[in-house]
Number of protein chains: 2
Amino acid sequence: MNLQQLRYAHEVAKRGLNITEAAAALYTSQPGISKQIRLLEEELGVDIFVRQGRRLTDITAPGRQILDIIEDVLGGLANLKQVGEEYSQADSGTLTIATTHTQARYALPPVIRAFMARYPGVRLELHQGNPTQICDWVIAGKADLAIATEAIAEQHELVMLPCQQWNRCVIAPPGHPILEERPLTLEAIARYPVVTYDSAFSGRSQINKAFAARDLSPNVVLTAIDADIIKTYVSLGLGIGIVAAMAYDASADTGLRAVDASHLFESSMTRIGIRRNAWLREYAYVFIELFAPHLARPLVQAALQGDSRVDPGL
Amino acid sequence: MNLQQLRYAHEVAKRGLNITEAAAALYTSQPGISKQIRLLEEELGVDIFVRQGRRLTDITAPGRQILDIIEDVLGGLANLKQVGEEYSQADSGTLTIATTHTQARYALPPVIRAFMARYPGVRLELHQGNPTQICDWVIAGKADLAIATEAIAEQHELVMLPCQQWNRCVIAPPGHPILEERPLTLEAIARYPVVTYDSAFSGRSQINKAFAARDLSPNVVLTAIDADIIKTYVSLGLGIGIVAAMAYDASADTGLRAVDASHLFESSMTRIGIRRNAWLREYAYVFIELFAPHLARPLVQAALQGDSRVDPGL
DNA sequence: AACTGTTACGCGTGACGTAATGATG
DNA sequence: CATCATTACGTCACGCGTAACAGTT
């Protein structure tokens, strides 16, 4: 058995059972992969892939289990490298964070500022995407941490740690009648055109749920993936906006007014997602704790080991 | 990086940092191991072992973490092989159980009989040892399951699943005055010479604890690692015995009488120990469920994944 | 006809074993 | 002097790439 064989099988599975594509991705030849996979299957005594004639069409039952284990093993190898880097260059390296616009724009800046001051040698990479992409990146090892809201129903490969709870507010241009509604109701909101998040983002599902529960269908005239866009169009008078409360800054958003809407929508939870069993660099733990002070290192480590007892409240 | 390198480093660490010995154990040459380990260290950029001159004297801090990860990776490889065997020969293979005399003699026979009837093609191996050895065997991959009482305070590498609770009884030759004590007390027991388990076994610690709590020091004249020896000497009149209740069989042990002692000693728990993240053969799950019917497969699997929420009461 | 996986084959690297050397107690 | 790790070196095998071949759509 061979590490390459494991990498090959993994990549082929990842690339939709296409050996040619896997070969290209790994900068090697198709025949090499083909052969090594057959050798692996031979050694294990089980086929991993279903072949119809000369084409891979599916993964066998044992194949699924084998690929799961291979993922663990390859994750372990990545961890080994991390340990090496940690000790050979403790204060330099890269921290890659996959996150959404909302987090990157409103929640992360002070954290990143503090982090950079503390670890000037660490290169920070911020990858922006939707919650699904973000999680995939972390699972694939392309990012160390995912930071998002509602980020996908507990994937097995990821450990999700609760960070902050946040609520929404309704924004409108000054003088808009919605600002006079006391108390603010869903029914009132439903009377005006609404601008809010795209359905893949920022707990848009919470918003839908709240309206659905009252049998209301808001007139959503525009959806965006970030609050800045929403605010822009609300200023233009396109409608009223529903955004994360943290996205409204009274002093900066002078052309807008906001009304708290905590009571209308279930609050959302920002979470950090980390690959299960991942080995994190020292500075990654520091980053996490800067972002969510209650997530102290030992807690995070216990959670990474799959200890579900550790569920740090909020 | 290379699987061999990982195996080498692992074996060297296991063999007390002796490359020569590791080479012998792996049927290869010292220079090969020496070189491959250096290559691994070079690739990771960190020393795993502390060298004083030409001798390995210790493991470095990163080395400890690296070796931990290596253990996981090698465990994964073992799991791959298991999957292969499971599917290539579903009903044949080997199940290796490490256990103590008490379990092997009194608790396991009916289970093993049932198991053998169901899986005639599976070779059963029973390795007998003390709780410490038993756990080590499972961790080292020499055995699939450990079955023991009080088997060591929760090792991180092992998942321990509670199986049965059991109590003790006092045995004595017919006519012995202890048999007339109603109710039986620790003080009464302390008046006679006692024969019981060796301190490494069968919750001997529970016995000590009970006496210590009353400031009594029983006159232990003989300790043994199994109940058969104890019973033999009790029959000879050497003293009274304290054994697991399951070890006394009124119909078979005609030269002995027993008195329940559940109220005197804290009850003990038989547990099954399995390597964390191990991949078990189908028949291993069946065996576990035969032994402890409440330990259904999904429960055991969840526990193996390190899900500590799963703590199946008794 | 285009695409994809498999077989055949030759090359080069790299892992391994033997022998020799260097440290250490 | 015995033990043990490291260096040096030759050998062999295995993984890889190229080329040709064989199914699939």
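Bear in mind the structure is a predicted one, so any value in this text is a computation, not a measurement. When reading the values below, keep in mind they use all heavy atoms of this one structure, side chains included, and skip hydrogens, waters and symmetry mates. Below, read A as the first sequence line, B as the second, and so on, with proteins coming before strands; counting in each chain starts at 1.
For the pair A:Leu56 CG and D:dA22 P, the interatomic distance rounds to 20 Å; values are reported in whole Å. What separates CG of B:Leu26 from P of C:dC16 is a distance of 10 Å, to the nearest Å. One can place CE of A:Met1 at 18 Å from C1' of C:dA15, the figure rounded to the nearest angstrom. Note: CZ (A:Arg38) to C1' (C:dT6) measures 7 Å, nearest angstrom. Rounded to whole Å, the distance from CD on A:Gln52 to C1' on D:dA22 is 17 Å. The separation between B:Ile37 atom CD1 and C:dA15 atom C1' is 14 Å, rounded to whole Å. As a whole-Å value, the separation of B:Lys35 NZ from D:dG10 P is 13 Å. One interatomic measurement links the two molecules: CD of A:Gln36 to P of D:dG17, which rounds to 11 Å at whole-angstrom precision.
Comparing D:dG15, C:dT7, C:dG17 by their nearest atom to the side chain of B:Thr28 picks out C:dG17. Taking every side-chain heavy atom of B:Pro31 into account, D:dT7 is the closest of D:dA5, D:dT7, C:dC16. Closest approach to the A:Ser29 side chain among C:dT18, D:dG17, C:dG5 is made by D:dG17 (side chain taken as heavy atoms from C-beta onward).
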Query raised in the report: Could you go step by step and tell me if B:Asp58 and B:Arg64 meet the side chain to side chain contact (heavy atoms under 4.5 Å, CB included) rule?
Result: CA-CA 10 Å; B:Asp58 203 353; B:Arg64 274 172 227 288; 3.5 Å; yes
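Under a cut-off of 6.0 angstrom, the local environment of NZ in A:Lys14 is crowded, with over 12 non-hydrogen atoms contributed by other residues, nucleotides or ligands. Applying the 6.0 Å contact sphere to CE of A:Met1 captures more than 12 heavy atoms from other residues, nucleotides or ligands.
Distances shorter than 4.0 Å separate some side-chain N or O of A:Thr20 from OP1 or OP2 on C:dG5. Contact check, B:Ser34 against D:dT6: a side-chain N or O comes under 4.0 Å of OP1 or OP2. Between A:Tyr8 and C:dG5 there is no side-chain polar atom (N or O) within less than 4.0 angstrom of OP1 or OP2. Regarding contacts with the backbone of C:dC16, every side-chain N or O of B:Gln30 stays at 4.0 angstrom or more from both OP1 and OP2. For the pair A:Asn18 and C:dC3, the criterion of a side-chain N or O lying under 4.0 Å from OP1 or OP2 is not met.
Looking at A:Arg55, its side chain comes within 3.5 Å of the base of C:dC3 through a donor and an acceptor atom. Contact annotation: side chain of A:Arg54 to base of C:dG5, donor-acceptor pair present below 3.5 Å.
Closest approach of B:Ala148 to B:Gln103, counting heavy atoms only: CA-CG, 4.5 Å.
At the heavy-atom level, B:Leu3 lies nowhere under 4.0 Å from the strands shown. No contact: B:Gly32 has no heavy atom under 4.0 Å from any strand.
Judged by a 6.0 Å distance limit and a 45° cone about the ring axis, B:Arg204 is not positioned over the six-membered ring of B:Tyr197.
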